[in-house]
Each structure stands twice: as structure tokens, then as C-alpha cells.
Amino acid sequence: MSGSAVERREDVMVLQRYKLQIASHFVAQTGWTAEELANLMEVPPDRTLGDLALPCFKLAKTMRLAPPVIAQALAQDLQTCTIVHHAEATGGYLNVRLTRETVTTDTLVHLRSNETVFQDARGAGQTVAIDLSSPNIAKPFSMGHLRSTVIGTALANLFETSGYKTVRINHLGDWGTQFGKIIVAYRTYGDEATVSANPITELNRLYVQFHEEANERPELDDAARAAFKRLEDGNEEDLTLWRYMIDVSMKEFEKTYRLLGTKFDYNLGESFYNDKMDAVVDELREKGLLEESDGAEVVQLGETMPPCLIRRSDGATLYPTRDLAAALYRARHFHADHLLYVVGGEQRLHFQQVFAVLRKMGYTFADACEHIAFGLMRMGGKKMSTRKGQIVRLQEVLDEAITRARAIIEEKNPHLQNADAVARAVGVGAVIFNDLKTYRLHDIDFTMDTALAFDGETGPYVQYAHARTCSILRKAGVLQAGPSVEGWVTSLPNTHAEDAVDDATWYLTLTLQGIEAIRVRAIEERDPSLVAKHALDIAQAFNRFYHDCPILTSDGELKAMRLALTDAVRVALLHAMTWLGIEAPSEI
RNA sequence: GUCUCAGUAGCUCAGUUGGAUAGAGCAACAGCCUUCUAAGCUGUGGGUCGGGGGUUCGAGUCCCUCCUGAGACGCCA
């Protein structure tokens, strides 16, 4: 497949072994170490050139020979290498074709061993606290919050594959001046009956209306600030209204989370830190970091950053104050070694300031804090804004996705068992995958038809490929449930029959074994989109293999090899989808 | 204005430490279901990698500069 990981030249772990093995033949002649040579090696842009290549330009400098001459000479060194089928010089490149049968068998055995492919122990003993989702109380759960939810969940899942303990924290927006605004709006033009009939919609409408009116009457903003101050001071009447808002919001959020399959270890809203902020302010003062400025209290951060506001001139706390308290709590209470904040990129400066303040306070864990930023979800090129009422509700999108998936099942697979459950898995999977496949930092311009596409590079495409593997294995009588080692087809071919490994089989094998490196890289770069893209590559390579190579009607060792490969695909896709938080039905 | 991020096919996007002729998907068009699920496969067309300099054997990738877009920039979160 031309878009496969093979052509993307991923540095894959099984291939790394082969690189080293090949490179070891060149050490004597070049004077370079095998590691240095292996690092130079790459996958040729055009697969017809070979499976691996060594560009000889850098060698030319130390060997003082022309690159084509070096390539020619090195080709001779590979005559005795068992994993090399053919080697030839093309210009300054040495192109190597691997022995397909040997490598395919090796790869299947390696994947089946499952020692490091789908899990490892790099993070054993370490805890990573992840701040994710964090929707705002009294506002609809929008497509914008989906990003934080699915990226955070995927990262948590991936970290766990490396043995990290994760703490998933939903940092709910349940505190702040916005509640002053809603309280003022509710008291001014709200109506209890209307609100209780449709709480979030109505509360959000009040919020939008407040902003419209505050443009004309700025004194409303003062009233809102005063209302929030009353809340902070413990006014029981306002607190009752506030608790009501949390209650109705959480009920609606939980419905969405159930659909998405999102789980948290803790729902800790910003208000949770109310009684922990005085200590932070005191500590800042004791450490001599707090300064008065225009009636407010701030921490100066030098030339490169604006000061961080700690307390408003009326004494009320601010967002940074709560995040400081939260960070200290996470470091102390959860013993977090890494603190990840999956929050939109527009808050970059805010987190830089909070981390800088922690550093000035002398906390070394400040260096373990990371803002995992992501791009905006836009609509029609414009930023979604709750205040302007310009948002897409996630629930609407999910409902539409499920409806469309159900219609397609009705059309293509009318006798499917559990059709409703599968429609949910596919519809929701499409929405989640669409979000995760895009590079984190890129903005997404939301359109319903793109988010709900079921063809091409989509979640359903991957789910479909997975269901196909299950279907074949089921018919062969070897399908096992789950991603366990026991699930693997046990009989691997042990002969190296010529032409057993055709192009489709070979490219599938190469793509498949890349999943190990992708998983590790996705964790290192905190980028789930790598996994999503690689799942597409595997699915694509498998679909080609499926088309070109009959499996059930083949015989003997060829059939065994194809079944083993099919099962390896099944397990790899199942893992990848599980990491991404997407269901993998065995039949769709 | 300052800072940050981005600019690759009509649209949405891939392109690891600089490597060979820049790739997918969607949309369009043309093929493939008596054969393991056609949510699939194959093929065709489609490009000054925003512009211009520079670094070097080699730049979509690194540096500088300009243009464009988005975001942030003290009492919202």
C-alpha cells in the first residue's frame, strides 16, 4: 500500500534488528559501528527498490570514496547474510531486499510472543496524573470538549501499556465568575419551571442572554462578580442554586460518557480546591513571591511572561490560583511523577505561568508538568463560542452518527445480531476516530459529513477490517475472544516455500510489525494520532491481502501462515482500537 | 503591536533523526461481487510543498525574511 507505514519509513523494532544484522557486515570495511550504520539505514521511497537502503553519502566523507563506489563494495559484503535475498547499488544507495519467508516467520513469532509489542514496563512504578475532558457545569458538552476527552483517554490507555499507573481526573469547570453570571441571569430573567424542564439548554440560554445584555449594560458584569464573591463567601441561597446546576449537568454528562465509554478515577471540580487555596496564597506570601498590583495580588514572572494573577482586587480567587492548588494536590496526594493537562492550545500561556509559579515556589515537580495542547474545534472557520451560543452539541452528533450507522447496517447486513449495539459502536467509533486521527495541535473545522464519514480513512474502516479478520477466523474455527496470547493461531509454517509471501502478504507483514514502535512513539510524543494512522495502515494492508490472497480455500502451511497473519492483524487492530477508546465488534 | 502555532492536490490531511521520482482519503471518472462481509479492492486525472533568500553532496523537513490565517497577551475559564 502506498500510504503504509512501510513507505512512511517508520523506525520499526523488528526492522531495527535486521538493520543491525546487516550493518554488522559493513563494520570492517567502513570503520563505522553497526549502530551508526543501522541509524543511517532507511526504507526506500519506492518499494520496488528494496526493503531497506543505506545511503552512502555520509560514509563518503570518512572513507574518501565516491558514494556509488562504496555502495558497490558493500553489496559484496552481503553475499553471506542469510536474511538478505538480494543487494545492489543504485547510485549512492545500497538497496537491500530481505528474505521474505524468514522475516515473515520471525515477525509472526515475535508478534505472538507479545513480550514487548503491545506492552512493556518502561513506566513501571511511575504514576501519571491526567487532566482531561473537564467540561463546564451549566453548559452543553460540545464537540470542543470531545477532543480533550478522547485524547486524554487514549493517552491514559497508552501510558498504561507501558506499565504506568494513571490517574484520570475530570477537572470540571464548576467554579468561577461564570456562575455569578448565571446566578444573576437566573434571578433577573430566569424561570424555575422552564429551567427544570430542560436544565442545561435553559441555563445556557440564560448565559448567552446575559452576555448579550452585558454588552449594553456593563453594570451586569459587576453584579456577576459580586454574585460570585457571595458564592465564595458561602451564601447558602446561591450555593443551593449552584449545587442544582452541578447535579443536572452531571446527569447529562454521564449519559454522554457512557456512550463514549469514558471513565474517570476522580471527578474533582475546581470547587474541590476552594479550601486549599488559602494555603497556596499564604505560601506564596511567605516565600515573598506575592506582590500587590492595582489592588490585585500577583506573582511577577520576569521579562518573558506577564505576571500571574493570584487574587482579584475584591479578594476572590482566579483560575491560576485553583490550578496551583490542584497541581500541589495531584503531586502530593496522587504522588504523580508526571502531570499532564489535556487542555486546548489557547491556554498555553496560562499553563506556562502556572508551571513557572510552581518553579518559583521551589517545586521540582514543575518540570514534570506538561500542557498537552490541542487545536481548536472550529465551525465554518470560526471559533465555537458558548457565549455566543455557537456550538455543536456532542450528543447531537453522536445520535446522528448512530442513526446513520443503523441505516447502513439495515442496508448491508440486515440479519446482524445486536444491530443496535453495533450501530452504537460504529457511530461513536467514527466520531472518536475522526478526532483522534488528526494531529493534536491542528485545528479541526467541524463538518457533520466529515465527522460522520464511514468510508475511507475512518474508524468504521478499521472496525470493518477487524470484523473481517474475525469472520475468517470464525469460519476456520480458530477465533478466540480478546487480545490474549491464547488467541493466536498456533500452527506457524516452518518451511520457506518460495512465493508463499507475495507482495500483499509481505507489505502487510512489514506494516504489522511497526505497531510496536508506533505505540512507544505515541507515548513519547503524547500523540494518539500516530496510533490511529497506523491502524489505518494495517487495515489498508490487510484489505489488500484479503483481496489478493484466498485464506480459507488455501492449503497446508500456506493456509496456516495466512491464518496466523490474519490473527496477528486481528490482535493488532483490537489493541489499537482499545487504546483509542473505540469498540471493536467481531461482526458489523 | 508583542508572543505562540500553523500554511503540502478542488476539500480533509500524511510525510521519524535533512536523503532517491512529495503520498493517502474524500470528491470526479473507469473497472471488480456464482468466490473468506463491496463500510471493500484496482486504475485515471489532479502539485511553483504560501513567496523569496541561505546552509550542503542533498531541503516539504534546518536558519533568516516577508505574506496569510488562527490563538494568546492582568482582575473570564
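Proteins get letters first, then strands, A, B, ... in listed order; numbering begins at 1 in each.
- Within 3.5 Å, a donor on the side chain of A:K58 pairs with an acceptor on the base of B:G19, or the reverse.
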**OP:** Starting from the C-alpha separation in whole Å, work towards a yes-or-no answer on side-chain contact (heavy atoms from CB on, under 4.5 Å) for A:L74 and A:L59.
**Re:** CA-CA 11 Å; A:L74 295 182; A:L59 296 174; 4.1 Å; yes
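- Between A:K412 and B:A39 there is a side-chain polar atom (N or O) within less than 4.0 angstrom of OP1 or OP2.
- Salt bridge status for A:D435 with A:R147: present, with a side-chain N to carboxylate O gap under 4.0 Å.
- Within 4.0 Å (heavy atoms only), A:G173 reaches no atom of the nucleic acid at all.
- Atom CG in A:N543 sits about 12 Å away from atom P in B:G25, given to the nearest Å.
- Contacts of A:L309 with the nucleic acid, taken as non-hydrogen atoms under 4.0 Å apart, include base atoms.
- To the nearest angstrom, P of B:A24 lies 13 Å from OH of A:Y507.
- If you check every strand for non-hydrogen atoms under 4.0 Å, A:C549 touches a base.
- Regarding the sugar-base torsion, B:C33 falls in the syn class, its angle being within 90° of 0.
- Nucleic acid contact for A:A60: none, since no nucleic acid atom lies under 4.0 Å from a heavy atom of the residue.
- Put simply, NE2 on A:H415 and CD on A:E587 are 12.0 Å apart, with the number rounded to the nearest 0.5 Å.
- Distance, A:F351 CZ to B:G71 C1': 15 Å, rounded to whole Å.
- Stem regions annotated for RNA chain B: B:1-7 with B:67-73, B:10-13 with B:23-26, B:28-32 with B:40-44, B:50-54 with B:62-66, counting only runs of 3 or more consecutive pairs of Watson-Crick or G-U type with both contacts under 3.5 Å.
- At the phosphate of B:G15, neither OP1 nor OP2 sits under 4.0 Å from any side-chain N or O atom of A:Y439.
- Counting atom types as modelled, A:T458 pairs no side-chain N or O with a base atom of B:G25 as donor and acceptor under 3.5 Å.
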Original post:
After noting the C-alpha distance and the side-chain angles of A:V357 and A:L301, does the key distance pass the side-chain contact (heavy atoms from CB on, under 4.5 Å) rule?
Top reply: CA-CA 8 Å; A:V357 171; A:L301 296 171; 4.0 Å; yes
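- With the nearest nucleotide of RNA chain B identified for both A:L54 and A:T177, A:L54 has the one nearer the 5' end.
- Residue A:R311 has no polar side-chain atom (N or O) positioned under 4.0 Å from OP1 or OP2 of B:C75.
- Partners of A:T304 according to the side chain to side chain donor-acceptor pair (under 3.5 Å) rule, which considers only residues two or more places apart in sequence or in another chain, do not exist here.
- Closest to the side chain of A:P306, out of B:C75, B:C73, B:C36, is B:C73.
- By the stacking rule of 5.5 Å between ring centres and under 30° between planes, A:Y93 does not stack on the base of B:G19.
- Across all strands shown, A:A467 has heavy atoms under 4.0 Å from base atoms, whether or not it also approaches the sugar-phosphate.
- Closest approach to the A:L376 side chain among B:G71, B:A77, B:A39 is made by B:G71 (side chain taken as heavy atoms from C-beta onward).
- Contacts of A:L536 with the nucleic acid, taken as non-hydrogen atoms under 4.0 Å apart, are absent.
- Comparing atom distances between the A:P460 side chain and each of B:A14, B:C75, B:A39 picks out B:A39 as nearest.
- The side chain of A:P307 sits closest to B:G74 out of B:A77, B:C41, B:G74.
- A:D527 places its CG atom 13 Å from the C1' atom of B:C13, with the value rounded to the nearest Å.
- At a threshold of 4.0 angstrom between heavy atoms, the contacts of A:I444 with the nucleic acid are absent.
- If A:R474 and A:E292 are placed on RNA chain B by their nearest nucleotide, the residue sitting closer to the 5' end is A:R474.
- A:F454 places its CZ atom 21 Å from the P atom of B:U12, with the value rounded to the nearest Å.
- Contact check, A:R440 against B:C5: no side-chain N or O comes under 4.0 Å of OP1 or OP2.
- For the C1' atoms, the distance linking B:U16 with B:C76 amounts to 40 Å, nearest Å.
- For A:H442 and B:A70, the shortest distance from a side-chain N or O to OP1 or OP2 is not below 4.0 Å.
- Between B:A38 and A:R468, a contact under 4.0 Å exists linking OP1 or OP2 to a side-chain N or O.
- Atom pair A:K229:NZ and B:C76:P shows a separation of 13 Å (rounding to whole Å applied).
- The existence of a salt bridge linking A:R404 and A:D449 is confirmed by a sub-4.0 Å separation between a basic side-chain nitrogen and an acidic carboxylate oxygen.
- Backbone-only engagement by A:E270 is indicated by non-hydrogen atom pairs under 4.0 Å involving sugar-phosphate atoms exclusively.
- For the P atoms, the distance from B:G71 to B:C64 is 25 Å, rounded to whole Å.
- Applying the 4.0 Å criterion to OP1 and OP2 of B:C11, one finds that A:T450 has every side-chain N and O outside that range.
- Between B:U42, B:C57, B:G40, one nucleotide has an atom nearer to the side chain of A:K61 than all others, and that is B:C57.
- Using a 4.0 Å heavy-atom cutoff across all strands shown, A:Y461 reaches sugar-phosphate atoms only and no base atom.
- In A:E583, the CD atom is not crowded: 12 or fewer heavy atoms of neighbouring residues, nucleotides or ligands sit closer than 6.0 Å.
- The side chain to side chain contact (heavy atoms under 4.5 Å, CB included) check on A:D455 picks up nothing, with sequence neighbours excluded.
- In terms of phosphate contacts, A:Y207 brings no side-chain nitrogen or oxygen within less than 4.0 Å of OP1 or OP2 of B:A77.
- The environment of A:E292 atom CD is dense: over 12 non-hydrogen atoms of other residues, nucleotides or ligands sit within 6.0 angstrom.
- At a threshold of 4.0 angstrom between heavy atoms, the contacts of A:P550 include nucleobase atoms, whether or not backbone atoms are also involved.
- Not a single donor-acceptor pair under 3.5 Å links the side chain of A:H350 to the backbone N or O of A:C308.
- The separation of B:A59 from B:G53, taken at their C1' atoms, amounts to 13 Å, rounded to a whole angstrom.
- Among the heavy atoms of the strands lying under 4.0 Å from A:L318 are primed sugar atoms or P, OP1, OP2 only; no base atom is included.
- Here the P atom of nucleotide B:U12 and the CG atom of A:L452 are 17 Å apart, to the nearest Å.
- Looking at heavy-atom distances under 4.0 Å, A:T447 makes no contact with the nucleic acid at all.
- With respect to A:R570 and A:D567, a salt bridge is recorded, a charged nitrogen being found less than 4.0 Å from a carboxylate O.
- Using a 4.0 Å heavy-atom distance criterion, A:K437 is classed as making no nucleic acid contact.
- Considering only the side chain of A:E346, B:G71 comes nearest among B:G71, B:G15, B:G74.
- Remark: side-chain polar atoms of A:R406 are not paired, donor with acceptor, to backbone N or O of A:R424 under 3.5 angstrom.
- A:D314 comes within 4.0 angstrom of no nucleic acid atom, judged by non-hydrogen atoms across all strands.
- Between the side chain of A:N95 and the base of B:A20 there is at least one donor-acceptor pair of N/O atoms closer than 3.5 Å.
- To the nearest whole angstrom, the two C1' atoms, one in B:A9 and one in B:G50, are 15 Å apart.
- In this structure, the CG atom of A:L416 is 13 Å from the C1' atom of B:A39, given to the nearest Å.
- Here A:Y546 does not pack flat against the base of B:G40, since the 5.5 angstrom centre distance and 30 degree tilt limits are not both met.
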